[in-house]
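Take a look at the structure set out below.
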Amino acid sequence: MAPVTKFFELHTTGDKIPAIAFGSGTKWQWRKRGRGEEAAGTLDHDLLNVISTALKSGFRHVDTAEVYTTRAEIGEAINNSGIDRSEIWLTDKYNPGWKVNGQPHKANSDGPYNSLLKKHGNKWKSYKKKV
């Protein structure tokens, strides 16, 4: 039996966004940063396996952001899943204000195409300033 998926429908386009997404966030970002220079630019196979398992389990909405550095694993998992790309909703985020090694971190298109690309704001800093 196929998993039951609830959707939100965008009234302006008719696109249907799966209500529950698989996130590839902060834990993986820190894990990848801790792998050392020799692993830079290589796939994290544990992450690849987790994303592949999520897709096999019925997830059809995957969330990432450029700062997470998980785009390559997500792209590989989607490409290897056998699931038609049109069935997977991919949300990606960018923040033009973030810096990596003191340099502006720029959005790129190395990963699979996005269903939704949005600005990843840093509300924590603005909140912190108010306190």
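Position 1 is the first residue of the sequence, and the numbers go up from there. The shown structure was predicted, so the numbers you read here are calculated from the model rather than taken from an experiment.
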*Taking all non-hydrogen atoms of both residues into account, name the closest pair between Glu73 and Thr42 and its distance.*
OE2-O, 4.0 Å
*Shortest non-hydrogen separation from Ser81 to Ile88 and the atoms involved*: OG-CD1, 4.4 Å
*Nearest-0.5 Å distance, CZ of residue Arg60 to CZ of residue Phe7*: 9.5 Å
_Measuring only between side-chain heavy atoms, which start at C-beta, is Val62 closer than 4.5 Å to Thr91?_
no
*Looking at OG1 of Thr70 and CD of Glu76, how far apart are the two atoms once the value is rounded to the nearest 0.5 Å?*
13.5 Å
Can you give each donor-acceptor pair under 3.5 Å made by side-chain atoms of residues 10-18, sequence neighbours left out, with the distance rounded to 0.1 Å?
unit_1	atom_1	unit_2	atom_2	d
Thr13	OG1	Asp15	N	3.1
Thr13	OG1	Asp15	OD2	3.0

*To the nearest 0.5 Å, what is the distance between CZ (Phe8) and CH2 (Trp89)?*
12.5 Å
*asked:* Quick check for you: to the nearest 0.5 Å, what is the distance between Asp44 atom CG and Ile51 atom CD1?
replied: 9.0 Å
*Following the transitive rule for hydrophobic clusters with a side-chain heavy-atom cut-off under 4.5 Å over Ile, Leu, Val, Met, Phe, Trp and Tyr, establish whether Phe59 and Leu48 coincide in one cluster.*
no
*asked:* Could you measure the distance from the NE2 atom of His61 to the CD1 atom of Ile20? Nearest 0.5 Å is fine.
replied: 11.0 Å
*asked:* Please list all pairs meeting salt bridge (charged side-chain N to carboxylate O under 4.0 Å, His left out) that have one or both residues in residues 46-57, counting only residues at least two apart or in different chains.
replied: Arg31-Asp46
*For Thr53, which residues count as a side chain to side chain contact (heavy atoms under 4.5 Å, CB included) partner, sequence neighbours excluded?*
Ser57
*From Leu90 CG over to Asp63 CG, what is the distance, rounded to the nearest 0.5 angstrom?*
8.0 Å
*Answer yes or no: are there more than 12 heavy-atom neighbours, outside Ile83 itself, under 6.0 Å from its atom CD1?*
yes
